[in-house]
Amino acid sequence: MTTDRTSAAPRPTAGALHLVEASTTQPRSVDIDDYARQMTTHCPYLAPSLQRGLTHWTVYRADGDAEAVEAELFHAGAQAAEWIRPLLNRPHGVLRCENIVLVGEVPGTRHRDLLAWPHWVLKNLYGPVGVMFGKFYAGEEEVTTAGHRTPAAPASFLPVRAAVRRRDPQFLRATPDLAAAIAAADDDGRDVFEHIPTEWKEIRTWARHLLPPTKPSPSSPNTPANPPRSSS
């Protein structure tokens, strides 16, 4: 049986995300239908997931400073992953997708920066047990590994879904260790938080050791401020 230790950890950041809509297939606060339909041409699993009502959206509004919003996005992602884990081995489990949508603004901080560290930590924590995290930013197009442009997302969000062991490692060429972990993913019921801290600042510090090495340069001689970009 899986556990979500973040639910028991101290959360001084609680309240930095305001729940706008609980998990639903038809969110009213963001117009996602046309975008989802267009994305079916890029994701072979999305159309059958939508048809079976297995793609859900939970909408949050930022209501705190950048670090607190990051911490709460991480917490929301962990909750979604722990909810989805036991469902992945059930019928149509590979089609389940929980999307964490972020609306609202944090002055001086882009959504891209707010999502970067939660996405990086969650992907590394849950990849080895077969849960994949992606990231999309409001108003920005993405380019697939085949060079195709995807439509601009109407809102920023973190998708949480089953890892596709044959396909997903192709998106992670910049992070070969993570690609290898996902290719060999197996959910043995472990507590993914067993050997890491529970406070967001400490978790982020822990996650820095997972960053791939970078070549030093005059402009960035030290560890990068954000994780490397990798496709979802």
Side-chain angles (χ1 to χ4, degrees), residues 6 9 11-20 29-30 32 35 57-81 98-127 132-144 149-161 171-175 178 196-232:
T6 59
R11 287 176 60 201
T13 55
L17 284 185
H18 173 73
L19 179 64
V20 177
S29 56
V30 292
I32 211 79
Y35 170 75
W57 309 84
T58 300
V59 183
Y60 294 96
R61 185 179 69 246
D63 192 19
D65 62 29
E67 186 173 290
V69 170
E70 278 187 3
E72 288 304 298
L73 284 169
F74 169 76
H75 182 81
Q79 285 189 315
E98 295 294 316
N99 296 286
I100 300 163
V101 182
L102 177 66
V103 298
E105 300 297 330
V106 174
T109 307
R110 303 175 302 170
H111 280 193
R112 173 180 294 278
D113 298 317
L114 293 171
L115 268 59
W117 275 109
H119 170 261
W120 174 249
V121 178
L122 289 162
K123 192 157 63 172
N124 277 277
L125 278 178
Y126 284 98
M132 183 73 172
F133 280 80
K135 60 183 184 304
F136 295 89
Y137 311 111
E140 296 189 26
E141 295 179 339
E142 299 284 337
V143 179
T144 68
R149 288 195 173 276
T150 65
S156 301
F157 66 99
L158 295 172
V160 189
R161 59 170 174 81
F171 304 143
L172 302 169
R173 295 190 182 105
T175 53
L178 180 57
I196 73 165
T198 56
E199 296 283 358
W200 174 241
K201 283 184 178 180
E202 295 174 344
I203 291 171
R204 214 175 114 151
T205 298
W206 167 84
R208 284 185 179 276
H209 86 273
L210 301 171
L211 290 169
T214 57
K215 295 180 180 180
S217 68
S219 59
S220 56
N222 300 312
T223 304
N226 285 314
R229 291 191 63 185
S230 58
S231 299
S232 54

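Both backbone and side-chain heavy atoms feed into the values below; hydrogens, waters and symmetry mates do not.
Here the closest non-hydrogen pair linking Leu158 and Gly134 is CD2-O, 3.2 Å. The minimum heavy-atom distance linking Trp117 with Ala207 is given by the pair CZ3-CB, 3.9 Å. Taking both residues in full, the closest heavy atoms of Pro197 and Ile203 are given as O-CG1, 3.3 Å, listed atom of the first, atom of the second, then distance. Minimum heavy-atom separation, Gly64 to Val69: O-CG2, 3.8 Å. Scanning all heavy atoms of the two residues, the minimum distance from Thr13 to Ala68 falls at CG2-CA, 3.7 Å.
Annotation: side chain of Ile32 is not in contact with side chain of Asn99 (no heavy-atom distance under 4.5 Å). Looking only at side-chain heavy atoms (C-beta outward), Leu17 and Leu102 come within less than 4.5 Å of each other. With a 4.5 Å cut-off on side-chain heavy atoms, Leu211 and Trp120 count as touching.
Partners of Glu105 by side chain to side chain contact (heavy atoms under 4.5 Å, CB included), not counting sequence neighbours, listed by chain and number: His111. Legend: residues meeting side chain to side chain donor-acceptor pair (under 3.5 Å) with Trp57, ordered by chain and number and at least two apart, are absent. Among residues two or more places apart in sequence or in another chain, the side chain to side chain contact (heavy atoms under 4.5 Å, CB included) test is passed with Ala138 by Ser156. By the side chain to side chain contact (heavy atoms under 4.5 Å, CB included) test, Thr109 pairs with Ala66, Val106, Asp113, Leu114, sequence neighbours left out. Judged as a salt bridge (charged side-chain N to carboxylate O under 4.0 Å, His left out), and not counting sequence neighbours, the contacts of Glu72 are Arg11.
Taking the six-membered ring where the residue is Trp, Phe136 and Phe157 present parallel rings, their angle staying beneath 30° rather than reaching 60°.
Note that NE2 of His119 is 13.5 Å distant from CZ of Phe74, once rounded to the nearest 0.5 Å. Distance check: Thr58 OG1 to Leu19 CG gives 7.0 Å after rounding to the nearest 0.5 Å. Of the inter-residue distances, the one linking Lys135 atom NZ with Glu140 atom CD reads 11.0 Å to the nearest 0.5 angstrom. The structure places NZ of Lys123 at 5.0 Å from CE of Met132, a figure rounded to the nearest 0.5 Å. The distance from atom NE2 of His75 to atom CG of Leu122, rounded to the nearest 0.5 Å, is 11.0 Å. Rounded to the nearest 0.5 Å, atoms CG (Leu73) and CH2 (Trp200) are 8.5 Å apart.
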Legend entry - From CA spacing to verdict: side chain to side chain contact (heavy atoms under 4.5 Å, CB included), Phe133, Leu125: CA-CA 10 Å; Phe133 280 80; Leu125 278 178; over 6 Å; no

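Screening Glu70, Glu199, Glu67 for a salt bridge (Lys or Arg N to Asp or Glu O under 4.0 Å) involving Arg204 leaves a single residue, Glu70.
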